[in-house]
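Quick note on labels: first sequence line is chain A, next is B, and so on, each numbered from 1.
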2 protein chains.
Amino acid sequence: MNSCPGSSNTAFKVACSSCNLRELCLPVGLTHSDIERLDRLVATRRNVARGDTLFRTGDSFQSLYAVRTGFFKTCVSAEDGRDQVTGFQMAGELLGLDGISSDRHACDAVALEDSQVCVIPYGQLEVLSREFTDLQHQFHKIMSREIVRDHGVMLLLGSMRAEERLAAFLLNLTQRLRARGFSASSLVLRMTREEIGSYLGLKLETVSRTFSKFQEDGLLEVKQRQIRIVSQDGLQALLNGAPAY
Amino acid sequence: MNSCPGSSNTAFKVACSSCNLRELCLPVGLTHSDIERLDRLVATRRNVARGDTLFRTGDSFQSLYAVRTGFFKTCVSAEDGRDQVTGFQMAGELLGLDGISSDRHACDAVALEDSQVCVIPYGQLEVLSREFTDLQHQFHKIMSREIVRDHGVMLLLGSMRAEERLAAFLLNLTQRLRARGFSASSLVLRMTREEIGSYLGLKLETVSRTFSKFQEDGLLEVKQRQIRIVSQDGLQALLNGAPAY
DNA sequence: CGGTTCATTGATAGCGGTCAAGGATTGTGG
DNA sequence: CCACAATCCTTGACCGCTATCAATGAACCG
């Protein structure tokens with residue numbers, strides 16, 4: 001509880017229409033009046049402390065979540081306990097699309113730092129998107145974009161070497177940070193080497209070694225989770241089939 | 001042209017309502033009257049000869065496609081020419097969801113045998129799904145299922161060894177064939193070793209060697225593309241963390 | 001039937017995994 | 001504020017899985 005008027009865990013209302021993430025989130029491309037309808041839909045927020053789960057595999061699916069502040073990972077796990085990080089989500093990105101298919105969540109979503117999400121009741125989103133063509137279309141685009149993103153990750157996992165994977169990962173992160181107004185060259189990783197490794201299909205030692213190699217090669221400066229990109233072009237070149245040396 | 005009354009490349013009309021794939025395809029769970037609305041939507045078919053593409057990366061996105069007969073692969077490619085098979089689609093499965101995000105297709109869809117698809121104009125699907133709640137929900141489920149499937153592939157690519165990958169691939173294939181009324185133990189692969197390898201993040205030689213090893217181990221009988229599953233349980237055990245020996 | 005594509009198998013090499021140890025950082029409780 | 005524990009990161013040595021290179025054989029197709 002804080003002392004803001006009307007504050008609570010789920011108050012502190014910031015409407016979609018006045019949210020500075022609206023250009024990155026569900027309202028992209030909607031008219032102002034459509035966004036005001038969204039405001040009624042997205043009535044609640046939820047705080048998730050670092051390390052806590054927003055939802056777990058098997059949880060009943062009720063809502064989608066838009067990250068307002070903070071950082072998440074999603075992971076799936078096999079019967080034998082192995083697990084795989086399937087993505088990292090930052091402000092403006094949607095969580096929970098996996099749940100629609102079976103009315104149960106099919107992955108875990110874990111906050112990697114103290115975070116806040118907007119709760120989007122899925123049933124109401126379906127109702128509203130029947131009424132507002134643009135919202136419907138925008139929602140479909142977001143699902144489709146997730147599919148396209150996943151295919152890109154498959155390409156990475158199926159055909160790239162360790163250095164290429166890490167370079168692709170860093171470039172993707174910085175691009176998304178840049179879209180949110182952050183520096184393109186300096187970043188603080190919110191996840192461990194092990195989580196990066198899981199996402200990239202590598203072991204944590206390989207991630208660490210590759211960071212070190214990038215530093216030796218003058219591409220990065222690495223101090224634990226503090227990363228400074230020295231040569232964006234060098235990283236990009238690694239992806240464009242440049243030889244490893 | 002053949003001699004059927006009213007025949008043409010796009011005639012030979014079989015309505016969704018009388019299609020034997022309706023339990024696997026878009027109409028799943030719809031009432032009979034809803035399906036009849038779908039019939040109007042899915043007005044055309046398209047034949048795709050083996051080796052031809054249904055659509056290519058960059059093509060303008062207009063329609064989704066439901067596989068009626070035949071078999072497809074989808075693949076994405078990187079700038080440097082590397083490519084990755086992202087999936088294999090059989091009767092009743094939907095192609096083209098990738099195109100919604102940017103109004104252009106984001107992968108190639110190639111027929112691996114002479115095939116026929118139902119053309120589902122996307123704009124009309126959006127219109128119809130605003131009117132029919134069940135259709136809307138079913139469509140969302142299908143997109144979500146694709147996302148969940150992709151996450152499963154990431155798990156496979158990110159954390160499984162070659163034998164586990166191939167076992168998972170075969171079990172997935174047979175499960176889908178069984179759902180279509182085919183034998184669970186005997187199948188003919190429609191794709192090359194190289195295509196399997198691309199999908200599984202392995203080289204074709206590794207795929208071939210692993211097939212041979214499965215045969216030596218009494219799990220399969222392999223004659224080129226003819227596969228007989230001798231021990232489904234053995235394959236399943238490989239996936240459940242059984243040691244490799 | 002001859003060419004082309006596809007599959008199998010062997011030999012070898014290299015990338016990334018595994019095991020292990022030590023160091024840095026963070027957080028917590030006294 | 002310090003001490004201690006827990007977590008995370010780095011680095012080294014070695015190994016094994018899969019890639020690579022190469023040759024042969026089988027199947028398919030025009």
Side-chain angles (χ1 to χ4, degrees), chain A residues 49-51 73 82 84-85 110 112-114 156-169 188-217 220-227 238 241 243-245, chain B residues 49-52 71 73 82 84-85 110 112-114 156-170 187-217 220-228 238 243-245:
Chain A
R50 177 179 165 184
K73 69 170 176 180
R82 258 185 305 216
Q84 171 77 21
V85 172
V110 180
L112 297 183
E113 56 183 328
D114 292 346
L156 179 149
L157 290 171
S159 73
M160 293 187 184
R161 295 174 313 98
E163 291 183 21
E164 297 171 319
R165 294 184 197 193
L166 190 61
F169 170 71
V188 177
L189 300 175
R190 303 294 162 175
M191 68 297 275
T192 67
R193 302 290 191 258
E194 186 169 21
E195 286 160 341
I196 297 172
S198 173
Y199 182 60
L200 298 178
L202 302 170
K203 293 296 165 183
L204 69 95
E205 295 95 330
T206 302
V207 174
S208 182
R209 276 185 240 276
T210 308
F211 269 125
S212 298
K213 176 161 194 311
F214 282 176
Q215 184 161 236
E216 286 164 25
D217 294 351
L220 302 179
E221 280 170 21
V222 183
K223 269 197 208 110
Q224 306 283 125
R225 297 194 183 183
Q226 292 270 356
I227 307 285
L238 263 178
Y245 43 89
Chain B
R50 176 179 166 183
D52 285 355
F71 204 87
K73 69 170 177 181
R82 256 186 306 216
Q84 171 76 21
V85 172
V110 181
L112 297 183
E113 58 183 325
D114 291 347
L156 179 148
L157 290 171
S159 73
M160 293 187 185
R161 295 175 309 100
E163 292 183 19
E164 298 170 319
R165 295 184 197 192
L166 190 61
F169 170 73
L170 290 170
L187 64 151
V188 178
L189 299 175
R190 304 287 140 145
M191 68 296 277
T192 67
R193 301 290 191 258
E194 185 169 20
E195 286 160 339
I196 297 172
S198 173
Y199 181 60
L200 298 178
L202 302 170
K203 293 295 166 185
L204 69 94
E205 295 94 330
T206 302
V207 174
S208 183
R209 276 184 240 275
T210 307
F211 270 124
S212 297
K213 176 162 194 310
F214 283 176
Q215 185 162 234
E216 286 164 26
D217 294 351
L220 302 179
E221 280 171 23
V222 182
K223 269 197 209 109
Q224 305 283 128
R225 297 195 183 183
Q226 293 270 357
I227 307 286
R228 208 174 68 81
L238 263 179
Y245 42 90

Value in whole Å for how far the [atom2] atom of [N] lies from [atom1] of [X]:
| X | N | atom1 | atom2 | result |
| --- | --- | --- | --- | --- |
| B:Lys203 | C:dG10 | NZ | P | 21 Å |
| B:Leu202 | C:dG16 | CG | C1' | 15 Å |
| A:Phe214 | D:dT11 | CZ | P | 15 Å |
| A:Met191 | D:dC9 | CE | P | 11 Å |
| A:Leu112 | D:dT7 | CG | C1' | 15 Å |
| B:Leu204 | C:dT8 | CG | C1' | 10 Å |

Side-chain N,O (A:Arg209) to OP1/OP2 (D:dT10) below 4.0 Å: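 No, A:Arg209 has no side-chain N/O under 4.0 Å of OP1/OP2 on D:dT10.
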CZ (A:Arg225) with more than 12 external heavy atoms under 6.0 Å: yes
Atom CD of A:Glu194 with >12 non-hydrogen neighbours under 6.0 angstrom: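 No, because the 6.0 Å sphere around CD of A:Glu194 holds 12 heavy atoms or fewer from other groups.
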Scan [X] against the nucleic acid and name what it touches under 4.0 Å (heavy atoms): base, sugar-phosphate only, or nothing.
| X | value |
| --- | --- |
| B:Gly51 | nothing |
| B:Arg50 | sugar-phosphate |
| A:Thr192 | sugar-phosphate |

A:Arg82 side chain near B:Met160 side chain, heavy-atom distance below 4.5 Å: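 The answer is yes; the side chains approach within 4.5 Å.
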Donor-acceptor pair (no angle test) under 3.5 Å: A:Glu205 side chain, C:dC19 base: yes
Comparing B:Arg225 and A:Ala162 on DNA chain C - which has the more 5′ nearest nucleotide: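 Nearest nucleotide further toward 5': that of B:Arg225.
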Shortest non-hydrogen separation from A:Ala168 to A:Leu156 and the atoms involved: CB-CD1, 3.8 Å
